2 protein chains.
Amino acid sequence: MLNKLVAEHSVVAAQQKPSCTTCSLRDVCLPVGLDDAEVQHLSTLIKHKFRVRRGEYLFHAGADFKSLYAVKNGFFKASILKTDGRTQVTGFYMTGELLGLGAISLEKYSCDTMALEDSEVCEVPFAKLEEIGRAIPPLMNQFHKIMSREIVHDHDVMMLLGSMKAEERLATFLLNLSTRLSRRGYSSTEFNLKMTRHEIGSYLGLKLETVSRSFSKLQEEGLISISNKRVKLEKIAELYRKIGD
Amino acid sequence: MLNKLVAEHSVVAAQQKPSCTTCSLRDVCLPVGLDDAEVQHLSTLIKHKFRVRRGEYLFHAGADFKSLYAVKNGFFKASILKTDGRTQVTGFYMTGELLGLGAISLEKYSCDTMALEDSEVCEVPFAKLEEIGRAIPPLMNQFHKIMSREIVHDHDVMMLLGSMKAEERLATFLLNLSTRLSRRGYSSTEFNLKMTRHEIGSYLGLKLETVSRSFSKLQEEGLISISNKRVKLEKIAELYRKIGD
DNA sequence: CGCGTGATTGAGGGTCCTCAATGCCGGTGG
DNA sequence: CCACCGGCATTGAGGACCCTCAATCACGCG
């Protein structure tokens, strides 16, 4: 339970002021589609780069909203907690993805967001983003596309939760990770899971035992190899076929 | 099956040019938070008001995206269709709500969107919305809040699909409708469902028989009365208690 | 090295799905 | 006007899938 401790204070501002111009994420993050001058302008709004250590929360649901956070490196999970204690993991976020989009509506963060490994995030003050967006239409447009993508992704998860069986859900999940990783230059067939079976289950609407069994089943079928957190996708095409795509 | 016929052509432009200034939805739609002059300015971008008859599609997934649509009156469902034939209803939309937000990311509509009763929508050309938004910061901000609200709502649905039982899902669904209807001046305790059991089931991740059984169960427990499409919420507080809220 | 957390696997039970029959309502045509 | 028909809804019986509870195992960290 140690990693559930809240540790806002240790979310310390890091060393150097970050710059989007030299960032390796220019083609997956907010700067997509901007020219050099525009990226430079965007760069002025990124105040701080924060470090968030594994198990620490970047923000909690209900806290006042001022900034979005772009994942510079690392891995996060977002989850919501109902009053009766039930939780739901609403998403996993990797390099170049934007945290906190749900907070805009009520100006309070809508999820608890925790680092699943030591991570860094760039703080994006939202009021300034709106302001600079007015001067750089392609930036505003890119931001809208990012929000829209989150909506589409959530609809895909609804499809998954609403009408797929356990093995299909897990296969879909693995293929989604694979795609996102490969877009970032990592292997699309072999990677380490940063989350536990319990967290996967919470995301997929399954109990951890079912997740475990489904991993074993996929392995028996020869579609993947799994050992603890290490996954290898052996037959990507068949995985896609399994989920009907 | 007649109401599944595609009938884009009969989605005809309607008579008069609409105006946001006199619209009864000023406090639930895009104009929220704007002053009179700003609403007038916003009004210039609303090109057409369309009629969409019950069973007709406003747009289909994959079609080129140019405009969002605000529901002027009526009721819509949005759904996604996988290549293997599975469908998922991703949302129901009523007066003052915005259709097509998922289309921004890929500039193609991401869902099929159908009217469940004779309806009217205001067309909001997206490029112009971004343009006018630059001149009216509160409009842009309101738009961001609307997108954000959709994300939060989708997360709530994920919670529902991931960790609630059939009766709880249905109770949550009814209470959500109730809230949105009362915000629009309708009864929060008695209303007509515009959708079939099948559509409710698709949204809630249940089969239509289970939806029907759950209605009956809630009725036996005295929490609601249900007769065909007519629902009456008899004990709202207990319904909330049932879903752990 | 031992402890704690996380993962795997099994047995049994519950919830929801599947299949099927019946009922209801509105629309259509004889 | 009534009979019929199609779509929608209800209800039942049986089975599939996943959950619950529990024991065991593996791994990493102090």
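Since the structure is predicted, the reported quantities are computational estimates derived from the model, not experimental observations. Numbered from 1 within each chain, the chains take letters A, B, ... in sequence-line order.
Between A/L206 atom CG and D/dC19 atom C1' there is a gap of 10 Å when expressed in whole angstrom units. When the P atom of C/dA20 is taken as reference, atom NZ of B/K207 falls 16 Å away, rounded to whole Å. Remark: C1' of D/dC17 and CD of A/E168 are 12 Å apart, rounded to the nearest angstrom. We find that CG of A/N228 is positioned 8 Å from C1' of C/dG6, with the value rounded to whole Å. Nucleotide D/dC29 holds its C1' atom 11 Å from the CZ atom of A/R54, rounded to whole Å. Atom CZ in B/F215 sits about 9 Å away from atom P in D/dA9, given to the nearest Å. Here C/dA20 presents its P atom at 15 Å from CG of B/L208, a figure rounded to the nearest Å. For A/R230 and D/dG28, the CZ to P distance is 13 Å, given to the nearest whole Å.
Heavy-atom nearest nucleotides on DNA chain D were determined for A/E209 and for A/K165, and the one closer to the 5' end corresponds to A/K165. Toward the 5' end of DNA chain C, the nearer of the two residues B/E167 and A/K229, judged by each one's closest nucleotide, is A/K229.
Comparing D/dC19, C/dG6, C/dA20 by their closest approach to the side chain of A/T196 singles out C/dG6.
Residue contacts for A/G205: at a heavy-atom cut-off of 4.0 Å it reaches the sugar-phosphate backbone alone, with no base atom in range.
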